[in-house]
Amino acid sequence: MLQLIPLLVALQPTPPLAAEAMAAVSAERAKASVVTLASFGTRHTLSETESDTRGTGAARRWLLGQLKEAGVDAHLETFDAPPMQRLPEGAQIVNVVGVIPGSMPEAADRRYYVVGHYDTINADRMDATGDAPGANDDASGTAVVLECARALVGRNLESTIVFLCTGAEEQGLVGARFHAEAARGRGENISGVLSNDIVGDPSPLLTIPADPRGDDWVSQSATNMVRVFSEGIPRNATAAELATIRQLGTESDSASRQLARYVLTIAMKEDAPVKPLVIFRQDRFLRGGDHSAFNDSGFAAIRFSTPAEDYSRQHQNVTEKDGKPYGDVPEFVDGEYVANVARLNVAALVHLANAPRAPRDVRMITAELTTSTTVRWSPSPEPDVVGYDLVWRPTTSWQWEGSKDCGDVREFTVPISKDNFIFGVRAYDKDGYRSPVAVAGAAPK
Ligand SMILES: [Zn+2]
(Lines give C-alpha, C1' and ligand atoms only; values in the text may rest on other atoms or scores of the structure.)
Protein backbone atom coordinates (compact mmCIF):
# COMPACT_ATOMS: atom_id res chain seq x y z
CA MET A 1 0.00 0.00 0.00
CA LEU A 2 1.23 3.41 -0.90
CA GLN A 3 0.26 4.84 2.44
CA LEU A 4 2.39 2.56 4.58
CA ILE A 5 5.53 4.61 4.24
CA PRO A 6 8.24 4.31 6.90
CA LEU A 7 7.65 6.77 9.69
CA LEU A 8 10.15 8.86 11.51
CA VAL A 9 7.94 9.27 14.53
CA ALA A 10 7.57 7.54 17.88
CA LEU A 11 9.88 4.62 17.26
CA GLN A 12 11.70 5.18 20.54
CA PRO A 13 11.37 2.35 23.06
CA THR A 14 8.45 2.27 25.49
CA PRO A 15 7.56 -0.32 28.18
CA PRO A 16 6.28 -3.74 27.01
CA LEU A 17 2.78 -3.00 28.30
CA ALA A 18 1.16 -2.64 24.87
CA ALA A 19 2.72 -5.89 23.62
CA GLU A 20 1.60 -7.73 26.75
CA ALA A 21 -1.96 -6.44 26.41
CA MET A 22 -2.06 -7.29 22.68
CA ALA A 23 -0.98 -10.84 23.51
CA ALA A 24 -3.90 -11.17 25.93
CA VAL A 25 -6.45 -10.81 23.09
CA SER A 26 -7.98 -14.13 22.07
CA ALA A 27 -9.22 -15.02 18.58
CA GLU A 28 -11.29 -17.92 19.92
CA ARG A 29 -12.99 -15.66 22.46
CA ALA A 30 -13.58 -12.95 19.84
CA LYS A 31 -15.25 -15.44 17.49
CA ALA A 32 -17.28 -16.90 20.37
CA SER A 33 -18.57 -13.41 21.18
CA VAL A 34 -19.71 -12.96 17.57
CA VAL A 35 -21.42 -16.37 17.57
CA THR A 36 -23.20 -15.62 20.86
CA LEU A 37 -24.37 -12.18 19.71
CA ALA A 38 -25.69 -13.64 16.44
CA SER A 39 -27.47 -16.39 18.41
CA PHE A 40 -29.91 -13.83 19.82
CA GLY A 41 -31.57 -13.96 16.38
CA THR A 42 -32.05 -10.23 16.04
CA ARG A 43 -30.67 -7.29 17.97
CA HIS A 44 -32.92 -4.79 16.23
CA THR A 45 -33.54 -1.74 18.41
CA LEU A 46 -37.31 -2.40 18.46
CA SER A 47 -37.00 -6.16 19.01
CA GLU A 48 -37.91 -8.28 22.03
CA THR A 49 -36.54 -7.07 25.39
CA GLU A 50 -37.94 -9.58 27.91
CA SER A 51 -36.65 -12.88 26.52
CA ASP A 52 -33.32 -14.21 27.75
CA THR A 53 -32.59 -15.93 24.44
CA ARG A 54 -33.80 -13.63 21.67
CA GLY A 55 -33.72 -9.91 20.94
CA THR A 56 -31.95 -6.76 21.97
CA GLY A 57 -32.68 -7.10 25.70
CA ALA A 58 -30.99 -10.48 25.96
CA ALA A 59 -28.03 -9.21 23.93
CA ARG A 60 -27.32 -6.18 26.10
CA ARG A 61 -27.73 -8.09 29.34
CA TRP A 62 -25.21 -10.61 28.03
CA LEU A 63 -22.80 -7.78 27.10
CA LEU A 64 -23.18 -6.20 30.54
CA GLY A 65 -22.42 -9.57 32.14
CA GLN A 66 -19.32 -10.02 29.97
CA LEU A 67 -17.88 -6.64 30.94
CA LYS A 68 -18.54 -7.31 34.62
CA GLU A 69 -17.06 -10.78 34.35
CA ALA A 70 -13.94 -9.22 32.84
CA GLY A 71 -13.65 -7.09 35.98
CA VAL A 72 -14.80 -3.80 34.45
CA ASP A 73 -17.21 -1.48 36.28
CA ALA A 74 -20.20 -1.56 33.89
CA HIS A 75 -23.79 -0.36 33.66
CA LEU A 76 -26.69 0.07 31.24
CA GLU A 77 -27.29 3.65 30.08
CA THR A 78 -30.96 4.15 29.21
CA PHE A 79 -32.82 7.04 27.64
CA ASP A 80 -36.06 7.70 25.81
CA ALA A 81 -35.55 8.74 22.20
CA PRO A 82 -38.27 10.96 20.76
CA PRO A 83 -40.04 9.97 17.52
CA MET A 84 -37.72 10.30 14.52
CA GLN A 85 -37.54 9.05 10.95
CA ARG A 86 -36.32 5.54 11.74
CA LEU A 87 -38.05 5.35 15.13
CA PRO A 88 -41.50 6.72 14.25
CA GLU A 89 -42.93 6.14 17.74
CA GLY A 90 -39.75 6.87 19.66
CA ALA A 91 -38.09 4.15 21.71
CA GLN A 92 -36.15 3.39 24.83
CA ILE A 93 -32.50 3.19 23.77
CA VAL A 94 -29.93 1.34 25.86
CA ASN A 95 -26.13 1.57 25.66
CA VAL A 96 -23.79 -0.76 27.55
CA VAL A 97 -20.98 1.21 29.23
CA GLY A 98 -17.86 -0.07 30.99
CA VAL A 99 -15.15 2.06 32.57
CA ILE A 100 -11.57 1.50 33.77
CA PRO A 101 -10.68 4.65 35.74
CA GLY A 102 -7.29 6.19 35.04
CA SER A 103 -4.56 5.67 37.65
CA MET A 104 -2.89 9.10 37.41
CA PRO A 105 -4.86 11.99 38.99
CA GLU A 106 -3.56 14.49 36.41
CA ALA A 107 -4.53 12.21 33.51
CA ALA A 108 -7.71 10.47 34.70
CA ASP A 109 -10.04 13.17 33.31
CA ARG A 110 -8.96 12.18 29.80
CA ARG A 111 -11.30 9.48 28.48
CA TYR A 112 -10.47 7.22 25.55
CA TYR A 113 -13.24 5.15 24.03
CA VAL A 114 -13.48 1.90 22.15
CA VAL A 115 -16.93 1.60 20.56
CA GLY A 116 -19.03 -0.97 18.69
CA HIS A 117 -22.77 -0.98 18.00
CA TYR A 118 -24.65 -4.06 19.16
CA ASP A 119 -27.90 -3.38 17.29
CA THR A 120 -28.59 -4.91 13.86
CA ILE A 121 -30.92 -4.71 10.89
CA ASN A 122 -31.73 -7.01 7.99
CA ALA A 123 -32.86 -5.93 4.49
CA ASP A 124 -35.81 -4.05 6.04
CA ARG A 125 -34.50 -1.43 8.43
CA MET A 126 -37.81 -1.45 10.34
CA ASP A 127 -38.19 -5.25 10.67
CA ALA A 128 -37.97 -5.85 14.43
CA THR A 129 -38.92 -9.55 14.43
CA GLY A 130 -37.17 -11.23 11.47
CA ASP A 131 -33.67 -12.63 11.87
CA ALA A 132 -30.87 -10.05 11.71
CA PRO A 133 -27.72 -11.81 12.98
CA GLY A 134 -25.42 -8.83 12.31
CA ALA A 135 -22.27 -10.90 12.75
CA ASN A 136 -19.96 -8.55 10.85
CA ASP A 137 -22.16 -5.44 11.31
CA ASP A 138 -21.53 -5.09 14.14
CA ALA A 139 -21.09 -8.07 16.45
CA SER A 140 -17.48 -7.95 15.24
CA GLY A 141 -16.96 -4.41 16.57
CA THR A 142 -18.78 -5.30 19.78
CA ALA A 143 -16.45 -8.30 20.16
CA VAL A 144 -13.50 -5.90 19.74
CA VAL A 145 -14.88 -3.82 22.63
CA LEU A 146 -15.11 -6.94 24.83
CA GLU A 147 -11.62 -8.13 23.89
CA CYS A 148 -10.17 -4.71 24.67
CA ALA A 149 -11.81 -4.83 28.10
CA ARG A 150 -10.49 -8.33 28.81
CA ALA A 151 -6.99 -7.41 27.62
CA LEU A 152 -6.72 -4.06 29.44
CA VAL A 153 -8.30 -4.70 32.82
CA GLY A 154 -5.78 -4.82 35.67
CA ARG A 155 -3.05 -3.01 33.72
CA ASN A 156 -1.59 0.35 34.65
CA LEU A 157 -3.42 2.90 32.50
CA GLU A 158 -3.01 6.53 33.48
CA SER A 159 -6.07 7.86 31.66
CA THR A 160 -9.61 6.50 31.78
CA ILE A 161 -10.76 3.91 29.22
CA VAL A 162 -14.46 3.63 28.32
CA PHE A 163 -15.94 0.53 26.66
CA LEU A 164 -19.13 1.49 24.84
CA CYS A 165 -21.57 -0.84 23.07
CA THR A 166 -24.15 1.44 21.49
CA GLY A 167 -27.80 0.84 20.66
CA ALA A 168 -29.74 2.13 17.65
CA GLU A 169 -26.77 2.95 15.41
CA GLU A 170 -28.76 1.60 12.47
CA GLN A 171 -31.70 3.87 13.35
CA GLY A 172 -29.55 7.01 13.05
CA LEU A 173 -26.56 6.81 15.44
CA VAL A 174 -29.09 7.35 18.22
CA GLY A 175 -27.30 5.69 21.14
CA ALA A 176 -23.91 7.24 20.31
CA ARG A 177 -25.45 10.66 19.78
CA PHE A 178 -27.24 10.55 23.13
CA HIS A 179 -24.07 9.42 24.90
CA ALA A 180 -21.82 12.02 23.24
CA GLU A 181 -24.21 14.92 23.87
CA ALA A 182 -24.72 13.89 27.50
CA ALA A 183 -20.94 13.65 27.99
CA ARG A 184 -20.51 17.10 26.45
CA GLY A 185 -23.22 18.41 28.75
CA ARG A 186 -21.34 17.05 31.76
CA GLY A 187 -18.15 18.68 30.50
CA GLU A 188 -16.36 15.35 30.11
CA ASN A 189 -13.02 15.28 28.36
CA ILE A 190 -13.43 12.64 25.65
CA SER A 191 -9.99 12.80 24.07
CA GLY A 192 -10.27 10.06 21.46
CA VAL A 193 -12.88 7.58 20.20
CA LEU A 194 -12.05 4.40 18.28
CA SER A 195 -15.26 3.14 16.67
CA ASN A 196 -15.11 -0.39 15.27
CA ASP A 197 -17.88 -1.01 12.78
CA ILE A 198 -17.70 -3.92 10.31
CA VAL A 199 -14.36 -5.36 11.36
CA GLY A 200 -15.07 -9.10 11.03
CA ASP A 201 -14.85 -10.20 7.41
CA PRO A 202 -11.66 -9.32 5.54
CA SER A 203 -12.38 -11.75 2.69
CA PRO A 204 -13.84 -9.30 0.12
CA LEU A 205 -10.92 -8.46 -2.17
CA LEU A 206 -9.63 -4.90 -2.27
CA THR A 207 -9.31 -3.56 -5.81
CA ILE A 208 -6.69 -0.88 -6.45
CA PRO A 209 -4.79 0.43 -9.47
CA ALA A 210 -1.94 -1.95 -10.24
CA ASP A 211 0.15 1.13 -10.90
CA PRO A 212 -1.11 4.47 -9.63
CA ARG A 213 -0.47 6.01 -13.05
CA GLY A 214 -2.33 3.42 -15.10
CA ASP A 215 -5.75 1.89 -15.59
CA ASP A 216 -4.90 -1.72 -14.83
CA TRP A 217 -6.60 -2.95 -11.68
CA VAL A 218 -5.63 -5.66 -9.27
CA SER A 219 -7.84 -7.28 -6.66
CA GLN A 220 -5.98 -8.49 -3.65
CA SER A 221 -6.54 -9.98 -0.25
CA ALA A 222 -5.94 -7.38 2.46
CA THR A 223 -6.36 -9.39 5.65
CA ASN A 224 -3.48 -7.52 7.27
CA MET A 225 -5.19 -4.13 6.94
CA VAL A 226 -8.12 -2.20 8.31
CA ARG A 227 -9.45 1.06 6.93
CA VAL A 228 -9.28 4.03 9.28
CA PHE A 229 -11.62 6.92 8.43
CA SER A 230 -11.32 10.41 9.93
CA GLU A 231 -12.94 13.77 9.33
CA GLY A 232 -10.70 16.49 7.87
CA ILE A 233 -12.65 19.65 8.59
CA PRO A 234 -14.46 19.20 11.93
CA ARG A 235 -18.18 18.56 11.47
CA ASN A 236 -19.06 20.97 14.28
CA ALA A 237 -16.61 23.78 13.42
CA THR A 238 -17.86 27.31 13.98
CA ALA A 239 -17.71 29.96 11.25
CA ALA A 240 -14.66 31.49 12.95
CA GLU A 241 -12.92 28.11 13.16
CA LEU A 242 -13.65 27.44 9.48
CA ALA A 243 -12.17 30.83 8.60
CA THR A 244 -8.98 29.93 10.51
CA ILE A 245 -8.76 26.54 8.79
CA ARG A 246 -9.01 28.24 5.38
CA GLN A 247 -6.49 30.91 6.31
CA LEU A 248 -3.87 28.51 7.72
CA GLY A 249 -4.44 25.68 5.23
CA THR A 250 -5.16 23.17 7.97
CA GLU A 251 -7.98 21.37 6.15
CA SER A 252 -6.37 18.02 7.01
CA ASP A 253 -5.42 18.71 10.63
CA SER A 254 -8.50 18.11 12.78
CA ALA A 255 -8.00 16.35 16.10
CA SER A 256 -9.66 13.30 14.52
CA ARG A 257 -7.11 13.27 11.70
CA GLN A 258 -4.26 13.57 14.21
CA LEU A 259 -5.79 10.58 15.99
CA ALA A 260 -5.81 8.60 12.73
CA ARG A 261 -2.15 9.50 12.12
CA TYR A 262 -1.39 8.51 15.70
CA VAL A 263 -3.03 5.09 15.36
CA LEU A 264 -0.93 4.46 12.24
CA THR A 265 2.21 5.51 14.10
CA ILE A 266 1.45 3.17 17.01
CA ALA A 267 0.57 0.33 14.63
CA MET A 268 4.02 0.62 13.06
CA LYS A 269 5.80 1.01 16.40
CA GLU A 270 4.08 -2.00 18.01
CA ASP A 271 3.97 -3.97 14.75
CA ALA A 272 0.23 -4.54 15.09
CA PRO A 273 -0.92 -7.56 13.06
CA VAL A 274 -3.27 -5.36 11.04
CA LYS A 275 -2.06 -1.99 9.81
CA PRO A 276 -4.28 1.03 9.17
CA LEU A 277 -5.21 1.78 5.58
CA VAL A 278 -5.72 5.46 6.31
CA ILE A 279 -8.56 7.07 4.33
CA PHE A 280 -8.84 10.85 4.49
CA ARG A 281 -12.63 10.93 4.45
CA GLN A 282 -15.05 10.98 7.37
CA ASP A 283 -16.51 7.60 6.44
CA ARG A 284 -17.20 5.36 3.45
CA PHE A 285 -18.70 7.28 0.54
CA LEU A 286 -21.98 8.95 1.61
CA ARG A 287 -22.32 6.56 4.56
CA GLY A 288 -22.06 6.99 8.30
CA GLY A 289 -21.35 5.50 11.69
CA ASP A 290 -21.17 6.17 15.41
CA HIS A 291 -17.85 8.04 15.30
CA SER A 292 -19.60 10.88 13.43
CA ALA A 293 -22.01 11.34 16.36
CA PHE A 294 -18.97 12.00 18.57
CA ASN A 295 -17.53 14.36 15.92
CA ASP A 296 -20.81 16.28 15.98
CA SER A 297 -20.34 16.83 19.71
CA GLY A 298 -16.82 18.14 19.12
CA PHE A 299 -14.81 15.03 20.04
CA ALA A 300 -11.97 13.40 18.10
CA ALA A 301 -13.31 10.12 16.74
CA ILE A 302 -12.32 7.71 13.96
CA ARG A 303 -13.78 4.60 12.35
CA PHE A 304 -12.19 1.21 11.73
CA SER A 305 -13.72 -0.90 8.94
CA THR A 306 -12.61 -3.85 6.79
CA PRO A 307 -10.67 -3.00 3.59
CA ALA A 308 -13.67 -3.90 1.38
CA GLU A 309 -17.30 -4.87 1.96
CA ASP A 310 -19.56 -7.62 0.60
CA TYR A 311 -23.03 -6.18 0.12
CA SER A 312 -24.61 -9.62 -0.32
CA ARG A 313 -23.96 -10.16 3.37
CA GLN A 314 -24.48 -6.72 4.90
CA HIS A 315 -28.04 -5.62 5.78
CA GLN A 316 -29.50 -8.70 4.03
CA ASN A 317 -32.04 -11.32 5.03
CA VAL A 318 -30.47 -14.70 5.66
CA THR A 319 -31.33 -16.70 2.55
CA GLU A 320 -29.89 -18.35 -0.56
CA LYS A 321 -30.41 -17.23 -4.15
CA ASP A 322 -29.09 -19.27 -7.08
CA GLY A 323 -26.83 -21.20 -4.73
CA LYS A 324 -25.30 -18.03 -3.28
CA PRO A 325 -25.71 -17.39 0.46
CA TYR A 326 -27.02 -14.01 1.67
CA GLY A 327 -27.00 -12.57 5.16
CA ASP A 328 -24.60 -11.39 7.85
CA VAL A 329 -23.91 -14.72 9.54
CA PRO A 330 -20.98 -15.76 11.79
CA GLU A 331 -19.58 -18.22 9.21
CA PHE A 332 -18.18 -15.24 7.31
CA VAL A 333 -16.48 -13.69 10.34
CA ASP A 334 -12.79 -14.45 10.81
CA GLY A 335 -12.03 -14.62 14.54
CA GLU A 336 -8.32 -14.08 14.01
CA TYR A 337 -8.97 -10.90 12.01
CA VAL A 338 -11.36 -9.57 14.68
CA ALA A 339 -8.69 -10.31 17.30
CA ASN A 340 -6.04 -8.55 15.22
CA VAL A 341 -8.21 -5.44 14.94
CA ALA A 342 -8.70 -5.64 18.70
CA ARG A 343 -4.90 -5.85 19.12
CA LEU A 344 -4.50 -2.64 17.11
CA ASN A 345 -7.13 -0.95 19.30
CA VAL A 346 -5.42 -2.22 22.45
CA ALA A 347 -2.03 -0.90 21.35
CA ALA A 348 -3.51 2.51 20.52
CA LEU A 349 -5.43 2.68 23.82
CA VAL A 350 -2.34 1.80 25.90
CA HIS A 351 -0.32 4.54 24.23
CA LEU A 352 -3.12 7.13 24.35
CA ALA A 353 -3.82 6.39 28.01
CA ASN A 354 -0.22 6.46 29.18
CA ALA A 355 1.11 9.30 27.03
CA PRO A 356 0.76 12.89 28.24
CA ARG A 357 -2.05 14.91 26.73
CA ALA A 358 -1.18 16.85 23.61
CA PRO A 359 0.29 20.31 24.39
CA ARG A 360 -2.14 23.24 24.41
CA ASP A 361 -1.98 26.67 22.77
CA VAL A 362 0.50 25.49 20.15
CA ARG A 363 1.11 28.48 17.91
CA MET A 364 3.55 29.87 15.36
CA ILE A 365 4.75 33.28 16.43
CA THR A 366 3.78 35.95 13.92
CA ALA A 367 4.81 39.22 15.64
CA GLU A 368 7.18 39.97 12.75
CA LEU A 369 7.87 38.47 9.33
CA THR A 370 10.70 35.92 9.45
CA THR A 371 11.91 33.16 7.17
CA SER A 372 12.43 30.89 10.16
CA THR A 373 9.63 29.46 12.29
CA THR A 374 9.22 29.80 16.05
CA VAL A 375 6.62 27.59 17.71
CA ARG A 376 5.43 28.08 21.31
CA TRP A 377 3.14 25.95 23.45
CA SER A 378 1.73 25.48 26.93
CA PRO A 379 3.01 22.49 28.87
CA SER A 380 1.10 19.26 29.35
CA PRO A 381 0.12 18.96 33.05
CA GLU A 382 1.13 15.36 33.75
CA PRO A 383 4.05 15.23 36.26
CA ASP A 384 5.98 12.60 34.24
CA VAL A 385 6.36 14.82 31.13
CA VAL A 386 10.04 15.22 30.26
CA GLY A 387 9.99 16.79 26.82
CA TYR A 388 8.39 17.82 23.54
CA ASP A 389 8.92 17.00 19.87
CA LEU A 390 8.37 19.59 17.18
CA VAL A 391 7.03 17.84 14.05
CA TRP A 392 6.43 19.12 10.54
CA ARG A 393 5.48 18.12 7.04
CA PRO A 394 5.25 19.86 3.66
CA THR A 395 1.77 21.28 3.04
CA THR A 396 1.16 18.62 0.39
CA SER A 397 2.17 15.69 2.58
CA TRP A 398 -0.38 13.52 4.40
CA GLN A 399 1.81 12.37 7.31
CA TRP A 400 4.28 14.08 9.66
CA GLU A 401 7.68 13.67 8.06
CA GLY A 402 10.15 15.54 10.23
CA SER A 403 10.61 15.64 14.00
CA LYS A 404 12.98 17.32 16.41
CA ASP A 405 13.33 16.38 20.06
CA CYS A 406 13.37 19.85 21.68
CA GLY A 407 13.72 18.67 25.29
CA ASP A 408 11.75 20.22 28.14
CA VAL A 409 11.15 23.65 26.61
CA ARG A 410 8.10 25.77 25.71
CA GLU A 411 9.44 27.23 22.48
CA PHE A 412 11.60 26.15 19.57
CA THR A 413 12.83 27.77 16.37
CA VAL A 414 13.70 25.98 13.12
CA PRO A 415 15.21 27.64 10.05
CA ILE A 416 12.43 26.56 7.67
CA SER A 417 9.58 28.81 6.62
CA LYS A 418 6.05 28.52 8.01
CA ASP A 419 4.90 29.42 4.50
CA ASN A 420 5.90 26.00 3.26
CA PHE A 421 5.27 23.57 6.13
CA ILE A 422 2.63 22.59 8.66
CA PHE A 423 3.95 22.33 12.22
CA GLY A 424 2.79 20.56 15.35
CA VAL A 425 4.04 19.57 18.81
CA ARG A 426 3.67 16.42 20.87
CA ALA A 427 4.64 15.73 24.49
CA TYR A 428 6.53 12.70 25.78
CA ASP A 429 6.98 11.25 29.24
CA LYS A 430 9.83 9.53 31.08
CA ASP A 431 8.79 6.14 29.64
CA GLY A 432 8.88 7.43 26.04
CA TYR A 433 5.11 7.48 25.53
CA ARG A 434 4.23 10.22 23.07
CA SER A 435 1.00 12.17 22.75
CA PRO A 436 -0.90 12.76 19.54
CA VAL A 437 0.24 15.90 17.72
CA ALA A 438 -1.37 19.24 18.44
CA VAL A 439 -1.20 21.26 15.23
CA ALA A 440 0.13 24.81 15.43
CA GLY A 441 -2.12 27.80 14.97
CA ALA A 442 -0.87 31.38 14.78
CA ALA A 443 -0.48 34.13 17.38
CA PRO A 444 1.63 37.30 17.77
CA LYS A 445 3.31 35.95 20.92
ZN1 LIG B 1 -22.59 -0.84 11.41
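Here the structure is a predicted model, which means the values were calculated and not measured. Counting convention: from 1, in listed order, for ligands and their atoms alike.
- Around the Zn ion (ligand 1), the protein contributes the following N, O or S atoms at distances under 2.8 Å: His117 NE2, Asp137 OD1, Asp197 OD1, Asp197 OD2.
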When you look at Phe294 and Tyr113, which way does the ring pair (Phe, Tyr, Trp, His ring centres under 6.0 Å) test go after all the steps?
-> CA-CA 10 Å; Phe294 283 90; Tyr113 276 61; 5.5 Å; yes
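- With salt bridges taken as basic N to acidic carboxylate O contacts below 4.0 Å, one links Arg29 and Glu147.
- Remark: side-chain polar atoms of Asp138 are not paired, donor with acceptor, to backbone N or O of Gly134 under 3.5 angstrom.
- With Arg235 contributing its side chain and Glu231 its backbone, the two residues share no donor-acceptor pair below 3.5 Å.
- Looking at Asp290, Asn95, Asp197 one by one, the single match for side chain to side chain donor-acceptor pair (under 3.5 Å) with Thr166 turns out to be Asp290.
- The minimum heavy-atom distance between Leu146 and Ser33, with the atom names listed, is CD1-OG, 3.8 Å.
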